[in-house]
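Data block below; observations after.
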Amino acid sequence: MNADADGCGGAAVPARSREGSPVPADFVPSALGTREHWDAVYERELKTFQEYGDTGEIWFGEESMNRLIRWMKKHKIPLDASVLDIGTGNGVFLVELVKHGFSNITGIDYSPSAIKLSASILKKEGLSNINLKDLNFLKSCQHPSSALEVDLETL
């Protein structure tokens, strides 16, 4: 029996990107790259936070977060420097930045559910001086008159 590229003996169907163009056979798009996936993840985490007070995962790891803060301190990044957290998720990194004295902080995420979760966590922590914005950074960077540029100029 002949098995083709998909290993199932059936006709292989080439993967396609979200734009519809063919994707190389060794690269299959992941749900992790979709806003729908992250909206669903953060909706679940928001419900968990509301019910149990659990802030959720630190997606890139607590040690990575701590290492970045150590780097900022080692390089004497001013505590009032503008800090932009791209893909802020649940906002836990923003909370840690404030705990270490940083004060001019903005968190952005393309998932409105992530921004809702971040806002809830920041409110519980009593932090009202952190800016949050529902914004797709990659799309904003493609347009010179983007909302991000306007917001960053006012920071």
Side-chain angles (χ1 to χ4, degrees), residues 15-24 26-155:
R16 297 209 170 263
S17 72
R18 281 180 281 215
E19 293 79 28
S21 59
V23 175
D26 61 341
F27 180 76
V28 178
S30 169
L32 294 175
T34 67
R35 187 177 135 191
E36 293 80 10
H37 170 78
W38 292 108
D39 281 342
V41 166
Y42 287 115
E43 279 296 322
R44 283 191 306 273
E45 287 197 4
L46 179 58
K47 288 178 185 173
T48 300
F49 177 73
Q50 290 168 338
E51 291 178 23
Y52 306 106
D54 182 3
T55 58
E57 303 245 0
I58 300 171
W59 291 99
F60 53 89
E62 190 170 351
E63 178 51 34
S64 295
M65 180 174 61
N66 292 332
R67 188 170 55 236
L68 181 54
I69 291 172
R70 285 193 306 270
W71 182 91
M72 293 170 79
K73 289 184 169 192
K74 177 182 177 184
H75 289 87
K76 298 181 169 78
I77 304 299
L79 296 177
D80 63 348
S82 294
V83 178
L84 176 63
D85 183 18
I86 301 170
T88 200
N90 59 10
V92 171
F93 184 55
L94 305 174
V95 173
E96 287 301 310
L97 287 168
V98 170
K99 288 180 181 177
H100 286 86
F102 292 92
S103 59
N104 189 4
I105 305 167
T106 299
I108 64 171
D109 204 295
Y110 77 153
S111 169
S113 300
I115 294 300
K116 288 178 195 171
L117 176 60
S118 294
S120 297
I121 291 170
L122 295 174
K123 183 177 179 180
K124 179 185 176 203
E125 294 287 333
L127 303 174
S128 59
N129 58 336
I130 296 176
N131 301 306
L132 292 174
K133 183 145 182 89
D134 170 9
L135 181 72
N136 186 332
F137 180 76
L138 294 176
K139 284 187 179 179
S140 294
C141 290
Q142 295 172 359
H143 305 288
S145 61
S146 73
L148 178 62
E149 288 175 341
V150 171
D151 284 350
L152 292 179
E153 289 174 7
T154 61
L155 292 178

Tell me the closest heavy-atom pair linking [X] and [Y], and the distance in Å.
X	Y	value
G89	Y42	CA-OH, 3.3 Å
A81	I77	CB-CG2, 3.9 Å
F49	L117	CB-CD1, 3.8 Å
P112	D134	CG-OD2, 3.3 Å
F93	L68	CZ-CD2, 3.4 Å

| query | With distance as the sole test, does S113 use its side chain to make a donor-acceptor pair with the main-chain N or O of A40 at under 3.5 Å? | reply |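 Side chain of S113 to backbone of A40, a donor-acceptor pair under 3.5 Å: no, none is there.
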
| message | I'd like to know if the side chain of N90 and the backbone of S118 have a donor-acceptor N/O pair within less than 3.5 Å. | response |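 Side chain of N90 to backbone of S118: no pair is present.
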
Between [atom1] of [X] and [atom2] of [Y], what distance do you get to the nearest 0.5 Å?
X	Y	atom1	atom2	result
S64	I69	OG	CD1	11.0 Å
D85	L132	CG	CG	9.5 Å
S120	L46	OG	CG	5.0 Å
K116	E45	NZ	CD	14.5 Å
D109	I86	CG	CD1	10.5 Å
I121	D54	CD1	CG	8.5 Å

| query | Does atom CD of Q50 have more than 12 heavy-atom neighbours, drawn from other residues, nucleotides or ligands, at distances under 6.0 Å? | reply |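 Counting other residues, nucleotides and ligands, CD of Q50 exceeds 12 neighbours.
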
| task | For V83 and T106, run side-chain contact (heavy atoms from CB on, under 4.5 Å): C-alpha distance rounded to whole Å, both residues' side-chain angles, the deciding distance at 0.1 Å, then the answer. | result | CA-CA 6 Å; V83 178; T106 299; over 6 Å; no

| message | Regarding N104 and S82, do their side chains bring together a donor and an acceptor under 3.5 Å, going by distance alone? | response |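 Yes - a donor-acceptor pair under 3.5 Å links their side chains.
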
| task | Would you please say whether a donor-acceptor pair under 3.5 Å links the side chains of S111 and D39? | result |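 Result is yes, a qualifying pair exists.
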
| field | Salt bridge flag under 4.0 Å for residues R70 and E63 | value |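 So R70 pairs with E63 through a salt bridge.
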
| field | Test log, rule side-chain contact (heavy atoms from CB on, under 4.5 Å), inputs T88 and L94 | value | CA-CA 8 Å; T88 200; L94 305 174; 3.3 Å; yes

| What do the steps show when you test M72 against L97 for side-chain contact (heavy atoms from CB on, under 4.5 Å), and what is the final call? | CA-CA 10 Å; M72 293 170 79; L97 287 168; 3.9 Å; yes

| Full working for side-chain contact (heavy atoms from CB on, under 4.5 Å) between I115 and L135 | CA-CA 9 Å; I115 294 300; L135 181 72; over 6 Å; no

